[in-house]
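What you see is a predicted model, and the numbers here were worked out from it, not measured in a lab.
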Amino acid sequence: MRIKVQYAMVLNLDKCLGCHTCSIPCKNVWTNRKGTEYMWFNNVETKPGIGYPRSWENQRVHRGGWHLNAGRLELKAGGRVSKGLNIFHNPDLPTIDDYYEPWTYNYERLVNSPQRKHQPSIQPQSQLTGEPIKLKWGPNWEDDLAGVGETGPGDVNFKDLDYSVYLKFRNIFMFYLPRLCEHCLNPACVASCPSGALYKRDEDGIVLVDQERCRGWRYCVSGCPYKKVYFNWKTGRSEKCIFCYPRIEAGLTTLCSHSCVGRIRYVGVLLYDADRILEAASAPSDQEVYPAHLGILLDPEDPEIQKVAAAQGIADSILSAATRSPVYRLIKKWKLALPLHPEFRTLPMVWYIPPLSPVKHHTESIQEQDFIDNLRIPVTYLANLLTAGDQAPVRLALKRLSAVRRFMRSQRIENKVDREVSESVGLSEKTIEEIFRLLSLARLEDRTVLPRAPVKGDNLFDSRGTCGFGDSI
Amino acid sequence: MLKESFLNRLRFFRPKANARGCQEEKTADNWAEIRCGQREWEDFYRRRWQYDKKVRSTHGVNCTGSCSWDVYVKNGILVWETQNTDYPDCGEGYPNHEPRGCPRGATYSWYTYSPVRLKYPLIRSSLMEMWREALGQCQDPLEAWTSIIEDPEKRRRFHKDRGKGGFVRSSWDEAATITAASLIHTIKKYGPDRIFGFTPIPAMSMVCYASGARFLSLIGGSMISFYDWYCDLPPSSPQIWGEQTDVPESADWYESTYMIVWGTNVPMTRTPDAHFYTEARYRGARVTAVAPDYAEYVKFADTWLPATAGTDGALAMAMTHVIFKEFYMDRQVDYFMAYAKTYTDLPFVVVLEPDNDTWSPGRFLRASDLDLKSKNAQWKTMLYNAADASFCVPNGSIGFRWSEEGLWNLKLEENGKQINPLLSFASEADVWEKVSFPIFELHEASSRIGITPVKKIQTPAGEIYVTTVFDLMAAHLGILPIQAPEATADYPTGYEDPRPYTPAWQEPITGVPQADVIRVAREFADNAEKTRGKSMILLGAGTNHWYHSDMIYRTIIGMTTLCGCQGVNGGGWAHYVGQEKVRPQAAWSQVAFGSDWIRPPRQQNGTSFFYFATDQWRYDNFNPSVLHSPLSKTAPARHMADYNVIAARLGWLPSYPQFDQNPLELCKEAMEQGATSDEEIIAYAVKQLKSGKLKFAIEDPDNPANFPRVLFLWRANLLGASGKGHEYFLKHLLGVENAVFNQDSTLRPEEIKWRNPAPEGKLDLLVTMELRMSTSALYADIALPAAGWYEMHDLNTTDMHPFIHPFNPAIDPPWESRTNWDQFKTIAEKFSELAAVHLGNVQDLVATPLMHDSPGEIAQPEVNDWRKGQGEPVPGETLPNLTVIQRDFPNAHKMMTALGPLAEKVGVGSKGVMWNASDEYESLKKIVGTIDKEGISKGMPSLEQGKQVAETILALAPETNGEVAVKSWAGVEQKTGLSLQHLSKARQGVKFRFDDLTVQPRKIITSPIWSGIESEERRYSPFVINIEEKVPFRTLTGRAQFYLDHQWMRDFGEHLPVYRPPLDMVTLESTNVKRNPGREIILNYLTPHSKWSIHSTYSDTLTMLTLFRGGEAIWISDEDAKKIDVRDNDWLECFNVNGVVMAKAVISPRIPEGNAFMYHAQERLINTPGSKRSGLRGGTHNSVTRIMVKPTHMIGGYAQLSYGFNYYGPVGSQRDEIIVVRKAGEVEWYED
């Protein structure tokens, strides 16, 4: 057993407002400069829809992530040999139009326009070429189901469903999917890089592109099935979500989770067994990847694990954070949060609680046994998104969410402890109370539990006087 | 960093391990790797995050979020912002307000250095040329301005250039001189009441609002209201409670156990608060969403009721039918009954008026009807006391408010004797009578007959028949009491009988299945019964922005009242659109309207102002007879504008310009005619009015003498955002090219002089003070660069949370931009300098309406028009109040920059509550310092700087100064005979200073200005003080009113909550415009609040434009798109008689067939092509709207139906409108 530390995130889609506040400070701080205009380390998509870049989920088009080749894990885009042969031509790269051609406007014209016959107005012009452009796509083109009548049929999550039934006014459903780098345990981007510029940090599992070493081959871009590595056209290097490590290192949460006004984001520490990554990522069927992935996440309260972790040099502060980790509870203890497209086999570490939705039929009560099947969002759709099509984990999560509501309601309205409800979903009253508190009441400090300034080293005393000066001294 | 060779950088040759001794590792079959060395490059991103300081500030207008932000400065550059998370705790068991913010606010820093920012004072080049030439010739600025503005050719020359570019850089001195000259010219020639200022939502930046408001109020100009004009004001709120708007803070949603969200898109428009909505569900709350589309808030609901847009009143009537029947008639719920008897007008007695074979509901029975001798007997309403079977006069009606007996309270007492109000006469009726009620359907109005238990009363005037409001409600709803002898044919046999107002009746109107209506109504009431009122309805623009907003709301709010939800934490109405809550309201208004120097200020209601100023009244073809009740026996007026003239004449509504004569000249003339006192000047004016020599300006709005002449816009984008009837603004107010396709209406008012041709270009000068080149700035004559929100001191509050928090400057205003306070100071200084030469110190006659919360609210028990010989014109009774005011024009600047003596001498107050502020006045001298300069302001507290203004507000306000809070209750205690000081006592010693707020937002203190309680134990919920402390609502009966007995209400059939359908805009000829051959569809045009801007602010930030489609867009359904062969992202041309707007099609299955959604405040500046139809650039979202006024909103001098600025008055609705939509094909850009 090799115990490693992963900082991970859970997003509660049942609470997501689709407001995009998460994306803005991220954009302002990290990708607000030439070469990064089109990059959104964090973006939010409306579902159903095909997202940003277009059809990123469809690996028949993009060939990202891993697959099993005769039982052996292999990059979908091919192994080392094929990469070597094609190093100057990568056919799987999304084009700029798949993302969107970043644009701006000649704003000065509104201020400086000479007297004209017609009122001045400004038109989009490309940030890449400076030429006027017609807008055809953007980082959030399908906001609130915009144009989804045309794009929706391309949403791969409609697999085994008749999309035309759901893309009608009376049957429509909607939810949001905020996305950032998954900081995977088995990152396809890292494996794809011919320069070895991508790596996973030892202390927190954050996956980075070394800006000095990157040679701009862009295999990380195509290799990532989530399309969360971007190519900076100005520096010629790839960039991606850095999990705000400069903030994380100080014990602050990421900008996206700090600014999440829906309070849907939970950030915390997970321990996992690095020796079993391959085993989990190579699970025989797509639907077995999620349970295998869960299986390598370690129980931080298990004395045995604690002992081994300590022996392997994991600090007390990290172990302490791991035992208080909100993400561990949501993912492993309560099984409310699920991974995004586990069939990509990268073992992603940003997980999602599936959303409840209004009932589609006129039912007498939402307490009916089969109400999960009466929700507007088809379970199949969520299962395609989160569990490689396996409905059982999705049903369990939705039932548990609903049980929390029913339990709390009977307690508040009838002054009654409804054990039937808690037992039906296999949760104790105490656990239901705990879930309620975490989903509903949790303050920022409860939603984000991280060690503060977990810097290690022998010369910290010197660093105190020199840090920030960089190479000049 | 280490220099590395190319080979080292290739993965297969890179050295392993490093100095730190941690090994690189491979995982997953050597595919993945962990690295712990060679990471010095990571400083790349660390350096980006490092910054030099962060400063607490926020965003200032047109958003009710009131979120506290950290603004970061790095290397002297303002770089980004993040949300603060340090709000005081909401208490155990509640989520906190944290983090507050939204994507719009998060992009604000984009503006700071953006190329769309105004950096220098700009002046229209054609004006600048003429000005410099004129000034060169005559030196005197007034003379120079006069030579331009009184030369029709020159005036026209720069007016027609408006909006077409051509700005040139000027200086502050030059811009201020032109502005001051135009003010002086206007005051001298036409009067100060021809000068106007418009800026909205003071709560979000109080000092900025106060800047121009204070200056303009001091010189006699008028501020224009926004809340009613925006149609965000729910007139239903003053109608029902006498309260402008008071709502739960968002944390109180969390206390609710059943929520109906009904037309307010909480995640989209109340983004920082929405988590309380989503989190309440985990606490067990159930949610029903009523929305025409699959809106964002529907996502969180358990049940979606997709009611057709605008039909919400029908849905609510059917739910009310179910609740009334099942919870009041079939079974009586004790809690509901007790609530209804104590806090509503349901037990109050109404006199029936004979109406052919049936009866009509008339006025409330008053003490005067029985000739009971008591002060204000005409204003004391009555009920029937079951305890001793007699009619009685309970405490609390408005007559008690102004009779000073200490009986204005909600104790169920008459002269100290306990009473038990009888809700219904059904069990002891003298007789059962038929009563008629109007019914309104889309194309016609009719009536139904109900049957009501009646008691007969002998009065000095003869026998009268009376019943209760409760009995009228039952008869109106079609619910037959079991005691009734027989039903009429109009009673439904059950819920499935489609007679009004059953669930089956509403189904074809709303499209909502009746079973769902019944279920939701039961769930709502059942929940309220079990929780004693914790059922809540969240409301907003979707239900309020309609012509009949008040009727939609009255039907919906009635449900919460019937279920005892108002004044209960977690229950009641929760109205969220544009609601502004200046928490330190009384103190702020003192400063903002210069009441520390001069009272009263002029304050104009926006809708009426723009209706006349932009000549939209000339096009108004809505015949009042169509709106009238079929049961009314009085003849309707000829034209909607006639009602407004009557309202102005009787003192119901303000009306500026006041008269067709300069009020300064009028005073002078009076004195020349021998008047020696204020009273004699007023008497002279009344005589002139009576004789008809002096007319109200509103009777002749197209007379050049009655034009508005100068308009200031700041923190406001009137032309790009709120200006309903945008093209009419361009045509008549500004005099520029426009896309008005409409014709003068054939309907002509009888009270207004008609002039041909219609004037174009009424406004001499339009000045905007703006951060950015908005549509308003683009069409202005002078555009002055304003400081951004991160560049000033100011204060910010909202009703969404209980905190007050500050703006602080992270940087000084860059380039030549200035804060609004400094901008108006600059203009005031120049104005004062010129005024010393040209104006001096003179008298001004100010007309103000009969205000709510003043004795004027009981001035007119009957509608009598003196002009029609029904009585005498008497100021303050049958006329507006008239006050003579000394205008010390040369001292305007000195007055603006010091806190004047009236704060100390007369006191501070609001909403009928006043207190002395001499202690605070003294302490302010120490807090902000005093004026040293010689003159009238010497020794007074200084208001030179924005921060001093903020400190002044904090010191004077009960909400931020505990001492003031405690003493402010004294007046209310006297009127009510209740003990109330205890509500503020716990925080008596608390005094907030500006810097305290910078440390952390602070929770405000309970005060008599608001109806809820601020405490550590509970969240803010409105009307808690009324319910728990028994302070009356500020209404006729003192209770929440279902019944409105004013003659006009009955004439228009709106005395009871009733369904009124959306206006039939086809019949009103909205689409009666030349049509091209080809495929076109007609859609109901909705303008909800946008996700990608706060009104027009942020609509131009690149980030917001990038996040949604880069410019004007309009949403339509897949079904409608197919009809006109349009695909997603095609250009659409949308038009009607009012104008045309060009926008990109957004096609979505979320949108219902028949509706177009054009999100609000999309300006014509960005990605707006030309329209072939108009030959002009496509317009704004308001290019296809126009103002439709509703007479019942104009009622005044009648208890809660009395005017208040931003408080009551006609609303500028826009959602009934329809448009023609066609595919535009290839568009042209009109680059010339």
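- In this structure, NE2 in H275(B) is found 8.0 Å from NZ in K15(A), a value given to the nearest 0.5 Å.
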Practice problem: Given ring pair (Phe, Tyr, Trp, His ring centres under 6.0 Å), test H20(A) with W1092(B) step by step and report yes or no. | Solution: CA-CA 10 Å; H20(A) 296 248; W1092(B) 305 108; 5.1 Å; yes

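- Aromatic rings of F1108(B) and W137(A) (six-membered ring for Trp) have centroids beyond the 6.0 Å cut-off, not under it.
- With a threshold of 4.5 angstrom between heavy atoms, Q127(A) approaches chain B through side-chain atoms but not through N, CA, C or O.
- Contacts of P120(A) with chain B are made by both backbone and side-chain atoms, with heavy-atom separations under 4.5 Å.
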Quiz item: Step by step, would you call Q123(A) with I1166(B) a side chain to side chain contact (heavy atoms under 4.5 Å, CB included)?
Solution: CA-CA 6 Å; Q123(A) 290 178 58; I1166(B) 296 177; over 6 Å; no

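- D1118(B) and K168(A) are not joined by a salt bridge, as no carboxylate oxygen comes within less than 4.0 angstrom of a charged side-chain nitrogen.
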Practice problem: Evaluate side chain to side chain contact (heavy atoms under 4.5 Å, CB included) for L1107(B) paired with D143(A), printing each intermediate quantity in order. | Solution: CA-CA 8 Å; L1107(B) 280 174; D143(A) 186 64; over 6 Å; no

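- Heavy-atom distances place no part of Y277(B) under 4.5 Å from chain A, backbone and side chain included.
- Aromatic pair F44(B)/W30(A): ring centres not closer than 6.0 Å.
- Neither the backbone nor the side chain of R345(A) comes within less than 4.5 Å of any heavy atom in chain B.
- Relative orientation of the Y199(A) and W41(B) rings is perpendicular, given thresholds of 30° and 60° on the angle between their planes.
- Annotation: the span from D302(B) atom CG to L375(A) atom CG amounts to 9.0 Å, rounded to 0.5 Å.
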Quiz item: Would Y254(B) and S440(A) satisfy side chain to side chain donor-acceptor pair (under 3.5 Å), going step by step from the backbone distance to the final call?
Solution: CA-CA 10 Å; Y254(B) 193 72; S440(A) 190; 2.7 Å; yes

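- There is no contact between C189(A) and chain B, counting heavy-atom distances below 4.5 Å.
- H118(A) places no side-chain N or O within 3.5 Å of a backbone atom of E1231(B) that could act as its donor or acceptor partner.
- Under a 3.5 Å cut-off, the side chain of S121(A) and the backbone N or O of L1165(B) do form a donor-acceptor pair.
- Here the side chains of K299(B) and D144(A) are not in contact, with every heavy-atom distance at 4.5 Å or above.
- With hydrogens and angles disregarded, a donor-acceptor distance shorter than 3.5 Å links the side chain of K1091(B) to the backbone of G18(A).
- For I242(A), the part sitting under 4.5 Å from any heavy atom of chain B is the side chain, from C-beta outward, and nothing else.
- Proximity of W49(B) to V29(A): side-chain heavy atoms (C-beta onward) are separated by under 4.5 Å at one or more points.
- In terms of heavy-atom proximity, C19(A) sits nearest to P103(B) at O-CG, 2.8 Å.
- Proximity to chain B is limited to the side chain of R412(A), based on heavy atoms less than 4.5 angstrom apart.
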Self-check item: Residues W141(A), N1129(B); criterion side chain to side chain contact (heavy atoms under 4.5 Å, CB included); working and verdict
Solution: CA-CA 10 Å; W141(A) 194 257; N1129(B) 205 31; 3.5 Å; yes

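- With respect to chain A, the highest number of heavy-atom pairs below 4.5 Å among R1127(B), Q50(B), R100(B), K119(B) belongs to R1127(B).
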